[in-house]
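Computed from a prediction, not measured in an experiment: that's the story for all the values here. Numbers here are sequence positions counted from 1.
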Amino acid sequence: MKKLLIILCFTSSIKVLSQERRTFLYASIYDEIGTVSNTHIINLNTKQGTFTNDNGEFRILAKANDSLQISFIGYESKIFKVESKHFSIQENKIELKKVTIELDEVTIKEHNLLGYISSDTKHIKTEKEINAETLKLPNAGSRILTPAERRLYTGMGGRPLKLEGFGFIFSTDYIINSISGRLKKLKKEKAIEDTEKRIQHIRNNYRVYILHELKIIHEDLTRFIYFIENSNNFYPSLLADEITMISFLKLKSEEFKKLNPQNYKPN
């Protein structure tokens, strides 16, 4: 009877501990084929996240009643409810289901390729590339300026010169364009170009996640991207790690949906 009482007390203490203090929860993610690496896991209670390793395994601080959001492009997002039993010696396996993503139409043209690299490369016509590097011109290999950067650089008359004892000496173009206001206009054009580059970066890297995971309708995609780009925390999140950016996008998607209730039903 005394031994039974000790065992019951020990079991109770484990349950209480798992409910009050967070400890590492170990689990693995898999689909119908095998394990899924690089899956994104966020503890919705602590806002902390992690990714699965090459074997589909992960660990994250959690306690009983915490909710883990598990997502990966091409799979249905899943909310995993943590229970006390998940901290025992049993192996925790979480299954993800794939979703069908429709791709744009692809036109296949006729060709005379056979499918063998050794022979097909002989049929492909290539021309020698002519550029600054192949011609060995000065400054070859340096970063190519964008149109807005080039106009601004020209408007400033190049870089200011620094002469010993005189400080910086600016070109006549810089002085004239500063007085006329043209330099201010060129800087504004450069800022607009930078904004468009950031927007294109979001479209290229997070389009599928925004449409399929955050459930933003296709008609609102451009509006949503401009909405997050105008947010105060956008640039710091963009420069931070992937988890920070994804958490930022999720938060902004909820705000966006509240501002557009006609297109989004509350969960």
Side-chain angles (χ1 to χ4, degrees), residues 22 25 27 29-32 36-52 56 58 60-83 94-106 191-267:
R22 287 186 172 85
L25 169 71
I29 307 296
Y30 69 99
D31 59 12
E32 67 272 14
V36 184
S37 59
N38 293 320
T39 305
H40 184 222
I41 300 99
I42 291 182
N43 188 326
L44 298 178
N45 297 81
T46 64
K47 305 304 180 185
Q48 293 180 328
T50 186
F51 290 89
T52 56
F58 74 93
I60 192 168
L61 285 172
K63 68 177 183 179
N65 297 321
D66 277 1
S67 295
L68 306 182
Q69 178 178 284
I70 303 165
S71 59
F72 188 70
I73 295 173
Y75 292 84
E76 292 180 4
S77 292
K78 189 169 191 174
I79 302 297
F80 181 78
K81 195 75 172 178
V82 179
E83 299 178 14
I94 304 170
E95 183 179 5
L96 289 183
K97 293 184 178 180
K98 287 189 176 182
V99 294
T100 303
I101 299 176
E102 294 184 2
L103 300 176
D104 296 333
E105 184 179 349
V106 177
I192 292 172
E193 185 182 72
D194 289 342
T195 299
E196 291 300 324
K197 284 164 65 176
R198 290 193 294 269
I199 288 171
Q200 192 59 42
H201 173 79
I202 296 299
R203 188 183 294 275
N204 292 341
N205 292 279
Y206 296 99
R207 179 179 176 275
V208 174
Y209 179 76
I210 292 170
L211 293 175
H212 295 277
E213 299 294 337
L214 300 182
K215 307 298 182 185
I216 298 296
I217 60 176
H218 191 274
E219 291 77 8
D220 284 345
L221 177 62
T222 301
R223 279 203 311 132
F224 176 69
I225 294 175
Y226 274 97
F227 172 74
I228 63 172
E229 200 279 332
N230 286 318
S231 303
N232 294 330
N233 295 330
F234 171 73
Y235 198 60
S237 300
L238 185 63
L239 295 177
D241 55 83
E242 188 78 5
I243 293 175
T244 302
M245 189 60 192
I246 288 176
S247 299
F248 170 78
L249 290 173
K250 187 175 186 300
L251 177 65
K252 287 299 169 184
S253 71
E254 294 169 358
E255 292 180 11
F256 183 81
K257 290 174 182 178
K258 287 179 182 178
L259 292 172
N260 299 275
Q262 69 277 8
N263 294 333
Y264 304 95
K265 295 179 181 179
N267 294 328

List the steps, then state whether side chain to side chain contact (heavy atoms under 4.5 Å, CB included) holds for His40 with Ile42. CA-CA 7 Å; His40 184 222; Ile42 291 182; 3.1 Å; yes
Residues at least two apart in sequence or cross-chain that pass salt bridge (charged side-chain N to carboxylate O under 4.0 Å, His left out) with Glu83, listed by chain then number, are Lys85
Lys78/Gln69 under side chain to side chain contact (heavy atoms under 4.5 Å, CB included): CA gap, chis, key distance, verdict: CA-CA 6 Å; Lys78 189 169 191 174; Gln69 178 178 284; over 6 Å; no
Rounded to the nearest 0.5 Å, the CD1 atom of Ile70 sits from the OG atom of Ser77 at a distance of 9.5 Å
Between Asn230 and Tyr226, is there a donor-acceptor pair closer than 3.5 Å when you use the side chain of the first and the backbone of the second? yes
Would you mind reporting whether Tyr206 and Ile225 have side-chain heavy atoms less than 4.5 Å apart? no
Identify each donor-acceptor pair in which a side-chain atom of residues 243-252 lies under 3.5 Å from a protein atom, sequence neighbours left out, and give them as a table.
| residue | atom | partner | partner atom | Å |
| --- | --- | --- | --- | --- |
| Thr244 | OG1 | Asp241 | OD1 | 3.2 |
| Thr244 | OG1 | Asp241 | OD2 | 3.2 |
| Ser247 | OG | Ile243 | O | 2.9 |
| Lys250 | NZ | Glu254 | OE2 | 3.0 |
| Lys252 | NZ | Glu255 | OE1 | 3.0 |

Where the side chain of Asp31 meets the backbone of Glu95, is there a donor-acceptor pair that is under 3.5 Å apart? no
Separation of Phe72 CZ from Ile41 CD1 (nearest 0.5 Å): 10.5 Å
Does Leu96 reach the side chain of Thr39, with side-chain heavy atoms less than 4.5 Å apart? yes
Kindly write out the residues that satisfy side chain to side chain donor-acceptor pair (under 3.5 Å) with Asn205, not counting sequence neighbours, or none if the list is empty. His201
For Lys215, all residues meeting side-chain contact (heavy atoms from CB on, under 4.5 Å), sequence neighbours excluded: Lys257
Apply the test salt bridge (Lys or Arg N to Asp or Glu O under 4.0 Å) to residues Arg22 and Asp66: give CA-CA distance (whole Å), side-chain angles for both, the deciding distance (0.1 Å), then the verdict. CA-CA 9 Å; Arg22 287 186 172 85; Asp66 277 1; 2.8 Å; yes
Starting at CG of Asn263, measure out to CD1 of Ile216 and round the result to the nearest 0.5 Å. 9.5 Å
If you measure from CD1 on Ile29 to OG on Ser37, what distance do you get to the nearest 0.5 Å? 11.5 Å
Between atom CG of Asn233 and atom CD1 of Ile228, what is the distance when rounded to the nearest 0.5 Å? 12.0 Å
Under the side chain to side chain contact (heavy atoms under 4.5 Å, CB included) rule, what do Ser67 and Asn45 come out as? Steps first, then yes or no, please. CA-CA 7 Å; Ser67 295; Asn45 297 81; 4.1 Å; yes
Can you list the residues that meet the salt bridge (charged side-chain N to carboxylate O under 4.0 Å, His left out) rule with Arg223, with sequence neighbours excluded? Asp220
Nearest 0.5 Å please: distance from the OG atom of Ser71 over to the CD atom of Glu213. 5.0 Å
Any donor-acceptor N/O pair, Thr52 side chain to Asn38 backbone, under 3.5 Å: yes
For atom CG of Asn204, decide whether the heavy atoms of other residues, nucleotides or ligands shown that lie under 6.0 angstrom number more than 12. yes
Please determine whether side chain to side chain contact (heavy atoms under 4.5 Å, CB included) holds for the pair Phe224 and Ser253, giving the CA-CA distance in whole Å, both sets of side-chain angles, and the decisive distance to 0.1 Å. CA-CA 8 Å; Phe224 176 69; Ser253 71; 4.0 Å; yes
Tell me every residue that passes ring pair (Phe, Tyr, Trp, His ring centres under 6.0 Å) with Phe234, counting only those two or more places apart in sequence or in another chain. none
Is Asn43 close to Thr50 at the side-chain level, that is, under 4.5 Å between some pair of heavy atoms? no
